[in-house]
Every structure is written in C-alpha cells, then in structure tokens.
Amino acid sequence: MTPEEFRTAAHALVDWIADHRERIPQLPVAARVAPGEVAAGLAEHAPEAPEPLEDVLKDLEQVVVPGITQVQSPHFYGWFPSNASLASVLGDMASSGLGALGITWQSAPAATEVEEVVVEWMRELTGLPAGWRGAIQDTASTGALVAMLAARERSSGYSGASGGLQAQDAPLVVYASPHAHSSIAKAVALAGFGAGNLRLVDVDPITYAMRSDALAAAMDADRAAGLRPAAVVVSVGTTGTTAIDPLAEIVPIAQRFGAWVHVDAAMAGSALLLPEMRHLVDGIDGADSLGWNPHKWMGTILDCSLLYVRDPEHLVRVMSTNPSYLRSAVDGEVTQYKDWGIPLGRRFRALKLWFHLRLDGVEAVRARLRRDLANARWLAEQVEAEPGWRVLAPVSLQTVCLRHEPEGLGGEDLDAHTLAWAAAVNDSGRAFVTPSVLDGRWMVRVSVGAEPTEREDVAALWQLLRETAVLAPSSTGA
Ligand SMILES: Cc1ncc(COP(=O)(O)O)c(C=O)c1O
C-alpha cells in the first residue's frame with residue numbers, strides 16, 4: 001500500500017469508525033453470536049491477491065461488529081468500564097502510523113521521552129509521591145507480575161542472579177485479600193512463590209476490605225514457623241465490590257517484616273485524578289509499587305497500564321539485560337524502558353495517553369468521573385429505597401453490588417432467580433451487567449462509568465432491572 005492509497009483507505013476507515021461510534025447506542029450491548037459463528041463468516045484461506053477495502057469494511061460491519069460486546073455503549077455496566085476515548089484512538093493511530101521500534105532509547109528517543117514526560121504528568125495528576133517513577137505496561141496483570149518479581153528479588157537478596165528461589169533456605173510468602181483480582185494469584189504463581197505460599201487474609205464482613213489485624217497475625221505466624229513474609233498486595237478497588245484495603249494500616253505492618261507493598265489500583269487509579277478521592281491511597285509513601293489502568297475508567301484505549309515504583313534502581317537491577325547489540329554511548333544518561341518490565345520491543349503507548357490528555361483535557365475527564373460517582377450513589381439510593389432490593393457492599397467508587405430478594409426466596413432458588421434476571425437483562429440487548437458471587441451467593445454488579453452514560457441512562461437501567469427481575473422465573477414460582 002502506498003502512502004497515497006493509505007490516505008484514501010484511512011479516510012474511509014475513519015469515516016466508518018465515526019459512523020460506528022454514532023450508532024453504538026442503538027446496537028445490542030452483548031455480542032449476539034454463537035461460538036464459532038464469527039470464524040465461520042471469514043474466508044477459510046488467506047487471499048493471494050489484494051482485496052478491495054469495501055469488501056473488508058463490509059465484513060467488519062457484518063461479521064465483526066455483531067461479535068463484539070459494545071463496551072463503548074451508554075448501556076454497558078459490565079465488568080469495569082473499558083473506555084476508549086476517541087482522542088486516545090487518534091494517539092493509537094499516530095503510534096501505529098509512526099511505526100517506531102521501541103527497544104532502546106536509541107531506537108526511538110521520542111518514544112522513551114514522551115513516555116517519561118506523560119508518566120510524570122500522570123504521577124502529578126494522581127498525587128503519587130514525588131520521586132516515584134513509572135513505565136507504561138500493557139496491563140495491570142503484567143504490572144503485578146513485575147511487582148512480584150521485584151518483591152521476590154528484594155526479599156531473596158537477588159536470588160534470580162544465582163540459585164533462584166530453589167536455593168532459598170525459607171519459603172517466601174505473599175499476602176493478599178481473597179477478593180484480590182485473579183491476576184494477583186497468577187503473578188504470585190508465575191513469579192515462583194508457589195500458590196501454596198499465597199495467604200488470603202481475612203476481610204471485614206461489611207466492607208470486604210483486608211483486616212490489618214488478621215494480616216499482622218498471619219505474618220507473625222508465618223515468621224514463627226520459619227517462613228519469610230515477602231510481599232503484601234493491597235487491593236484498592238477490588239473487582240467484585242471495589243473494596244478498599246486499608247493501605248495506611250497495612251504499610252507499617254509490612255515494614256516490620258521488610259515486605260514489599262504492591263498496590264493494585266487497576267480500576268480505582270482513575271479516581272486518584274480527583275483530589276477528593278486521594279484518601280483511597282493514604283499511606284502510599286510507605287508502599288513500594290502501584291499499578292493502575294488508564295485503559296479502564298479514565299478511557300485511554302486498551303492497552304495502557306501504569307506501574308510506578310518507589311525505587312526505580314531496584315526495578316532496573318531486577319529487569320535489566322545488556323547484550324552487546326543493544327548498547328550505546330548514551331546508556332548511562334537515558335532511560336531504557338526495556339529494563340522496566342518484561343518485553344524488549346515496546347509499542348509507543350505513551351502517544352495515546354498524550355493525545356487523550358491534550359485533546360480532551362484533564363478537567364473534562366475529572367468531570368466525567370465525578371458524574372459517574374454521583375450516578376452510582378444515586379442508583380444505590382434508589383435500590384436501598386426499593387422494597388425487595390438490597391445493596392450488598394459499600395459503594396466506594398462507581399460500582400453498585402445489588403440483589404433482588406423477593407420475600408421467601410433464599411439459597412439456590414435465590415441464585416437461580418438472580419442469574420435468570422441478569423441473563424434476561426443481558427439478552428434484551430438493552431443493557432449489560434455482570435453477575436458475580438459474593439459470600440457464596442450470586443449478586444449483580446452494576447459498574448457505572450462508560451464514557452457516554454448519563455443519569456437518564458442509569459435511570460432507564462434501574463427501570464429495566466426492576467421490570468426484568470419481577471418477571472424472572474423464580475420470583476413468580478414458575
Ligand atoms: C482490581 C483489578 N486488578 C487487575 C485487573 C487486571 O487488569 P488487566 O486486564 O489490565 O490485566 C483488573 C481487571 O479488571 C482489576 O479489576
């Protein structure tokens with residue numbers, strides 16, 4: 001494709017994207033395809049000869065779009081928001097168009113330095129401690145793995161450079177809430193601690209936040225048994241209920257054991273853009289790392305996750321490699337992001353954040369976040385005021401955990417009812433919510449915060465939930 005051909009095709013594609021975004025509110029929210037249906041709509045073999053763009057766009061429209069759950073819809077309340085602001089989409093396009101190779105500072109000095117500047121802007125905007133430095137990772141899962149590797153190496157005296165964990169005289173233990181995201185258990189296992197050395201610490205039965213007294217007791221018991229407490233993962237905004245583990249209480253406990261403190265704020269990090277929400281990370285000065293996803297609520301298109309550390313030198317020591325073909329005369333003066341994470345080749349992700357901040361402006365993002373917090377509070381008030389309905393966890397951010405509890409219905413019948421009405425809501429195409437288990441029973445998470453969702457959309461959702469739950473099988477005895 002020549003640049004001229006690209007110009008024509010790209011204009012057509014941008015028109016298609018703009019049209020698509022405009023019609024998203026009218027599309028069914030949940031993907032309506034059976035397993036294998038999308039694949040069956042595609043050619044069996046790759047084309048030998050070029051095809052016209054119109055044919056590709058036709059398939060995009062007819063085969064691909066129905067196979068996508070429309071998370072950019074104002075009626076999307078599933079999982080967590082995964083906003084893809086169009087300003088950030090432009091940055092993503094610019095990144096692709098530049099075709100830069102991010103392997104060392106030398107391979108694209110701008111890719112490194114734009115990232116340094118934007119990551120520092122974000123540190124300032126979220127009130128994280130001066131002196132902390134960060135890098136853009138693909139996801140919070142990768143960020144957690146990097147943090148666990150850094151924790152392992154600090155606790156084991158850089159064992160990775162010698163016999164690894166196999167040469168340690170005592171097992172290293174990691175602590176987290178049972179409500180921590182599944183990526184934490186995965187990171188602990190992948191970093192070699194072993195799933196058996198992940199302690200799930202008791203939580204408060206009302207707030208679902210980690211109990212710091214239980215943490216202290218678990219760490220003491222492990223040390224008395226000859227184990228070595230190595231890290232505590234503090235969930236600020238758990239996936240199930242957005243529970244906030246008490247960082248300020250946890251930090252001094254972890255410090256007594258020299259344990260690394262990683263804060264997983266994948267979702268809640270966006271809230272730190274609001275000065276009034278910074279209390280969520282009180283105590284952060286004493287932590288070691290924090291990861292969060294602009295690609296969730298804030299709306300910088302996937303993938304864009306920030307990982308900050310208090311001691312960048314330690315991280316670089318753990319992550320660095322130095323083969324001859326990557327060396328340059330400026331190595332001592334520049335940041336080499338290959339030494340801040342796992343991959344060598346890195347995309348120019350900073351551009352999407354840079355475009356997002358510059359074209360939308362931070363004030364508009366803050367206004368949207370405040371709107372969503374208020375909408376979630378409003379919904380929780382409606383639910384609490386409605387007989388037969390219950391809010392099941394504190395609404396600390398923008399997610400409301402709720403259940404319709406018709407009189408006389410409990411146990412598995414209540415579960416069946418919950419799953420039936422949640423499925424009916426999702427099948428209607430008019431909204432999308434996520435059922436999830438809390439305290440052994442199904443409930444429904446309504447995660448407010450899609451970019452276009454306004455109060456009237458949330459009011460329409462509440463109407464839909466009530467109508468649907470009343471008709472759902474178990475409540476009628478059917
Ligand atoms: C609290 C929390 N941590 C981590 C993750 C993983 O995020 P990612 O998809 O960026 O790996 C999620 C995803 O929803 C999350 O909610």
Side-chain angles (χ1 to χ4, degrees), residues 16-33 60-61 64-86 88-89 239-240 242 267 270 293 295-302 364-365 367-383 386 389 391 395 397-404 418-436 442-472:
W16 184 89
I17 293 171
D19 290 344
H20 173 69
R21 285 296 183 106
E22 277 178 357
R23 78 195 157 116
I24 283 180
Q26 279 77 53
L27 295 178
V29 189
R32 284 185 162 162
V33 290
L60 197 58
E61 181 91 32
V64 175
V65 169
I68 288 181
T69 293
Q70 300 298 336
V71 300
Q72 309 309 323
S73 167
H75 317 304
F76 174 73
Y77 302 93
W79 306 300
F80 274 143
S82 185
N83 291 317
S85 72
L86 286 170
S88 70
V89 170
T239 314
T242 64
M267 171 63 197
S270 299
N293 287 348
H295 71 223
K296 282 187 158 58
W297 190 17
M298 176 179 163
T300 307
I301 186 173
L302 242 170
V365 176
R368 180 163 56 74
L369 301 177
R370 288 192 176 109
R371 174 201 67 179
D372 298 339
L373 290 169
N375 283 344
R377 279 194 301 271
W378 178 86
L379 176 63
E381 283 162 17
Q382 311 310 303
V383 176
E386 186 81 6
W389 286 81
V391 173
V395 181
L397 291 172
Q398 41 55 265
T399 298
V400 183
C401 297
L402 50 81
R403 191 156 54 214
H404 180 229
T418 305
L419 290 172
W421 71 254
V425 167
N426 292 348
D427 289 349
S428 77
R430 291 162 61 197
F432 188 91
V433 294
T434 312
S436 159
W442 285 94
M443 54 104 180
V444 170
R445 292 167 72 264
V446 175
S447 197
V448 177
E451 194 179 357
T453 303
E454 297 292 346
R455 174 65 59 84
E456 66 255 30
D457 299 305
V458 181
L461 172 80
W462 175 223
Q463 180 69 20
L464 176 66
L465 298 190
R466 279 177 299 168
E467 284 168 15
T468 313
V470 165
L471 293 176

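On a predicted model such as this, the values are computed, not experimentally measured, just so you know. Only heavy atoms go into these numbers, but all of them, side chains included; no hydrogens, no water, no symmetry mates.
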Atom of A376, atom of V395 and distance for their closest heavy-atom approach = CB-CG1, 4.1 Å
query = Can you name the closest pair of heavy atoms from A469 and H404 and give their distance?
reply = CB-ND1, 3.5 Å
ask   = Can you find a heavy atom in the side chain of L302 that is under 4.5 Å from one in the side chain of S82?
value = yes
query = Once you round to the nearest 0.5 Å, how far does NE2 of H20 lie from CD of Q70?
reply = 4.5 Å
query = Which heavy atom in F432 sits nearest to a heavy atom in A30, and how many Å separate them?
reply = CD1-CB, 3.7 Å
task = Rounded to the nearest 0.5 Å, what's the gap from CG on L461 to CZ on R430? Could you check?
result = 10.0 Å
key: Worked verdict on F80 versus R445 for side chain to side chain contact (heavy atoms under 4.5 Å, CB included)   = CA-CA 9 Å; F80 274 143; R445 292 167 72 264; 3.1 Å; yes
key: Heavy-atom donor-acceptor pair, D457 side chain to E454 backbone, under 3.5 Å   = yes
message = For a side chain to side chain contact (heavy atoms under 4.5 Å, CB included) check, start with the C-alpha distance between M443 and S436, then their side-chain angles and the critical distance, and finish with the verdict.
response = CA-CA 6 Å; M443 54 104 180; S436 159; 3.9 Å; yes
inquiry  = As an exercise, state the distance from CD of Q382 to CG of L465, rounded to the nearest 0.5 Å.
reply    = 12.0 Å
request  = Look at the rings of W79 and F76 and say which category their plane angle falls in: under 30° parallel, 30 to 60° tilted, over 60° perpendicular.
outcome  = tilted
task = Examine distances only and state if a side-chain atom of N426 and a backbone atom of V433 form a donor-acceptor pair shorter than 3.5 Å.
result = yes
request  = Measure the spacing between OG1 of T468 and CD of Q463 and express it to the nearest 0.5 Å.
outcome  = 9.5 Å
inquiry  = Can you tell me how far apart CZ (R371) and CG (L373) are? Round to the nearest 0.5 Å.
reply    = 10.5 Å
remark   = Rounding to 0.5 Å, atoms CH2 (W421) and CG (D427) come to a distance of 13.5 Å
query = Closest heavy-atom contact between L464 and V425?
reply = CD2-CG1, 4.1 Å
inquiry  = Just by distance, no angles: are the side chains of W16 and E61 close enough, under 3.5 Å, to form a donor-acceptor pair?
reply    = yes
inquiry  = side chain to side chain contact (heavy atoms under 4.5 Å, CB included) for N83 and R368? Distances and angles first, verdict last.
reply    = CA-CA 12 Å; N83 291 317; R368 180 163 56 74; 3.5 Å; yes
message = Between the side chains of R21 and E451, is the shortest nitrogen-to-carboxylate-oxygen separation below 4.0 Å, so that they form an ion pair?
response = no
task = Return the minimal non-hydrogen interatomic distance between L397 and M267, and the atom names on each side.
result = CD1-CG, 4.5 Å
message = Show, in sequence, the C-alpha distance, side-chain angles and deciding distance for V365 and L369, and conclude whether the side chain to side chain contact (heavy atoms under 4.5 Å, CB included) test is met.
response = CA-CA 6 Å; V365 176; L369 301 177; 4.2 Å; yes
task = Indicate yes or no for a side-chain donor-acceptor contact from T69 to the backbone of A31 under 3.5 Å, with no hydrogens or angles considered.
result = yes
key: Side chain proximity check, T453 to Y77, heavy atoms < 4.5 angstrom   = yes
inquiry  = Restricting to non-hydrogen atoms, name the atom on I301 and the atom on S88 that form the minimum distance, rounded to 0.1 Å.
reply    = N-OG, 3.0 Å
